[in-house]
Amino acid sequence: MAGQSVLTPQSEDFPKWYQDVVAKAEMADNGPVRGTMVIRPYGYALWERMQSAIDARIKATGAQNAYFPLFIPESYFHKEAEHVEGFSPELAVVTHAGGEELTEPIVVRPTSETVIGEFMAKWIQSYRDLPLLLNQWANVVRWELRPRLFLRSSEFLWQEGHTAHVSAQDASNYATRIHLEVYNDFLTQVLALPTFLGIKPPSERFAGATNTMTCEGMMRDGKALQMATSHELGQNFAKAFDIYYQNEEGQSALCFTTSWGASTRLVGGLIMAHGDDQGLVLPPALAPTQVVIIAVRDDDQVTEACAALRTTLSAERPYRVVADSGRGSFGRRVTDWEIKGVPLRVEVGPRDLAQGLVSVVRRDTHEQFSVAIADVPALVGDLLETMQRDMFQSALVFRDARTSDVTSLDAAIDAAQDGFARVAWEHVGVDGEARIRTQAMTVRCLQRRDGSIPHNDLEAGLIAIIAKSY
RNA sequence: CGGGAAGUAGCGCAGCUUGGUUAGCGCGCCUGGUUUGGGACCAGGAGGCCGCGGGUUCGAAUCCCGCCUUCCCGACCA
């Protein structure tokens, strides 16, 4: 019989389920300082795969990687009024170093617009230097009052892009391109996660931005998670840091800048968007291990068959395959691989083997196939592709089932208890935002009726998506 | 940062009200054996500054004070 669940069921206590998965799948631990996180090898493997998928997409848009310092002079933050106001509550500040009190405190970067702005000003001379397209992979620190592993930690890992352009239009185009071709493409194609794309209402904008675009995903408990953001910074930072260039007419002009980021929060989103009561469920495109071959018994014939199958699968096409030798009980090993979310399980046992068969099981649907050994590579290939599509599709069905179109704020509050509510932005407004906030809800994004990204919040006929969120 | 709950072996917990020699249980871990088609069983074993610091006391896991950490609910955020 199926064993009793190892994890707290989602329906019983979703936050507890999340913690159980993080612990039992060996993804992360709390660090010794409140809010810090130790990312364990399995969690880091997921992050590394996310990094390489995102990094490749970033480079395809023309940006180059660079690295800027962790320590930033405090004075930099005061150069942009909204920026300092937005970030000061979460700054970690170094006041002592080298055994002495510092004359100017040093901020541990919460984000790098300021330092990068300083150097953009230095590097940009002419319109020929533009656009300047930079990205960095780094850790940042934002002091968190209510930390949660991956979702909200005082130190987290991310990628932050920073660009400078000759015109608002060019900056806007590029930020939008990043949003669609990097973030949305990654989320839908690799993480198999449908998104709602839109812009943040002014109240939710990044501190110092003129426009913030977001990719909002829905978790299995119906709450929203902001998976990535792109900001148009207008000339706010260009003014603060003197990012000027000389145009074709020889006149000095101010740049327009952008910034955009995605963080280790994505790992939390992955867990909560696809996970079930058995643990993680990984989309094949992301999974560090796509196929686990399980020896049902620790038996020479079985072990040989497993090894042969492993060689075939990892050689023929480079599937990521692991062989699990037959030590330990079968049920236990199956459960462990399920918790880790490995997409396909190939079970090799003496009974099937006698008939030249093995059993292949899908992690997402638990569907089981009895298949001739020779047919395994083809079936595995098909199933991995099918699962990638199916996982996106079922996440989409789930999301749409929990998304309601409503015509009043009352109905929106009702619908957003455990899902998303789509309501006309004009029914919300500043007063409406204050009201839904008392229900622990926010406007996650504004989008056009057809789901596309508006240029600004003043466009007529916009839809507000209201939800509780992480 | 406010309101609530809790910190005892890697994890989950009992013991605390009513202070008293070697601090228990389940799971996990180690050794040996039997097992293995959905979290196996038997036997033996290792593992504790009882969150940290101070106080009360002949004596503190237990009573008192302070701090730290975790979880839940809010305000702030990737």
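Computed from a predicted model, the values in this text were never measured in an experiment. Chain naming here is simple, since letters A, B, ... match the order of the sequence lines and numbering starts at 1 in each.
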Any strand, both distances under 3.5 Å, Watson-Crick or G-U wobble: B:rC1 pairs with B:rG74
>> Tell me whether the count of non-hydrogen atoms from other residues, nucleotides or ligands lying under 6.0 Å of NE2 in A:H455 goes above 12.
In response: no
Which whole number of Å gives the distance between the C1' atom of B:rA40 and that of B:rU35? 7 Å
From CZ of A:R327 across to C1' of B:rA40 the rounded distance in Å is 17 Å
Ring pair (Phe, Tyr, Trp, His ring centres under 6.0 Å) filter on A:H179, not counting sequence neighbours, yields none
With rounding to the closest Å, how many angstrom separate the C1' atoms on B:rU62 and B:rU57? 13 Å
Once base and sugar-phosphate atoms are separated, protein heavy atoms under 4.0 Å mark nucleotides 71-78 of chain B, 5' to 3', with B, S and - as SSBBB-BB
Report task. Indicate, with a heavy-atom threshold strictly under 4.0 Å, whether A:G261 touches base, sugar-phosphate, or nothing. Result -> nothing
Q. Between A:F87 and A:R142, is there a cation-pi geometry (under 6.0 Å to ring centre, at most 45° from the normal)?
A. no
(message) Is there a ring pair (Phe, Tyr, Trp, His ring centres under 6.0 Å) between A:H231 and A:F206? Walk through the geometry before answering.
(response) CA-CA 7 Å; A:H231 315 290; A:F206 175 76; 4.3 Å; yes
For this session: Using a heavy-atom cut-off of under 4.0 Å over every strand shown, decide if A:G35 touches base, sugar-phosphate, or nothing.
Result: sugar-phosphate
Re B:rU17: Watson-Crick or G-U wobble partner, both distances kept under 3.5 Å, found to be none
Exercise. Quote, to the nearest angstrom, the P distance that separates B:rG33 from B:rC71.
Key: 43 Å
When rounded to whole Å, the CG to C1' distance for the pair A:D352 and B:rG38 reads 15 Å
Across every strand shown, the nucleotide meeting Watson-Crick or G-U wobble geometry with B:rG53 (both distances under 3.5 Å) is B:rC65
task = Pick the C1' atom in B:rG7 and in B:rA43, then give their distance to the nearest Å.
result = 35 Å
| message | Rounding to an integer number of angstrom, what distance separates B:rA9 and B:rC50 when you compare their P atoms? | response | 9 Å
Q.
Please determine whether side-chain contact (heavy atoms from CB on, under 4.5 Å) holds for the pair A:E232 and A:M213, giving the CA-CA distance in whole Å, both sets of side-chain angles, and the decisive distance to 0.1 Å.
A. CA-CA 8 Å; A:E232 292 171 43; A:M213 285 175 270; 4.0 Å; yes
Each nucleotide of nucleotides 44-52 of chain B classed B (base within 4.0 Å of a protein heavy atom), S (only sugar-phosphate) or -, in 5' to 3' order, makes ---------
Legend entry - Same-atom distance (C1') from B:rG28 to B:rC68, integer angstrom: 28 Å
Here the distance between atom C1' of B:rC11 and atom CD1 of A:I339, to the nearest Å, is 13 Å
Query raised in the report: Would you say the side chains of A:S154 and A:T36 form a donor-acceptor pair under 3.5 Å?
Result: no
Separation of B:rC11 atom P from A:K24 atom NZ, nearest Å, is 12 Å
* Indicate whether any N or O donor in one side chain lies under 3.5 Å from an N or O acceptor in the other, for A:H162 and A:E160. => yes
Q.
Donor-acceptor pair, distance only, cut-off 3.5 Å: does the side chain of A:T289 make one with the backbone of A:V291?
A. no
Mate of B:rC29 across any strand shown (Watson-Crick or G-U wobble, both atom pairs under 3.5 Å) is B:rG45
Check your understanding: Taking atom P in both B:rU8 and B:rA14, what distance in whole Å separates the two?
Key -> 11 Å
Between A:S112 and A:Q136, a side-chain donor and acceptor under 3.5 Å
yes
Original post:
So does A:R345 pair up with A:E338, basic N to acidic O under 4.0 Å?
Top reply: yes
Rounded to whole Å, CG of A:L353 lies from P of B:rU36 at a distance of 17 Å
Open item on the list: In whole Å, measure the gap between the C1' atoms of B:rG44 and B:rC63 for me.
Closed with: 41 Å
Between CZ of A:R297 and C1' of B:rU35 the distance, given in whole Å, is 9 Å
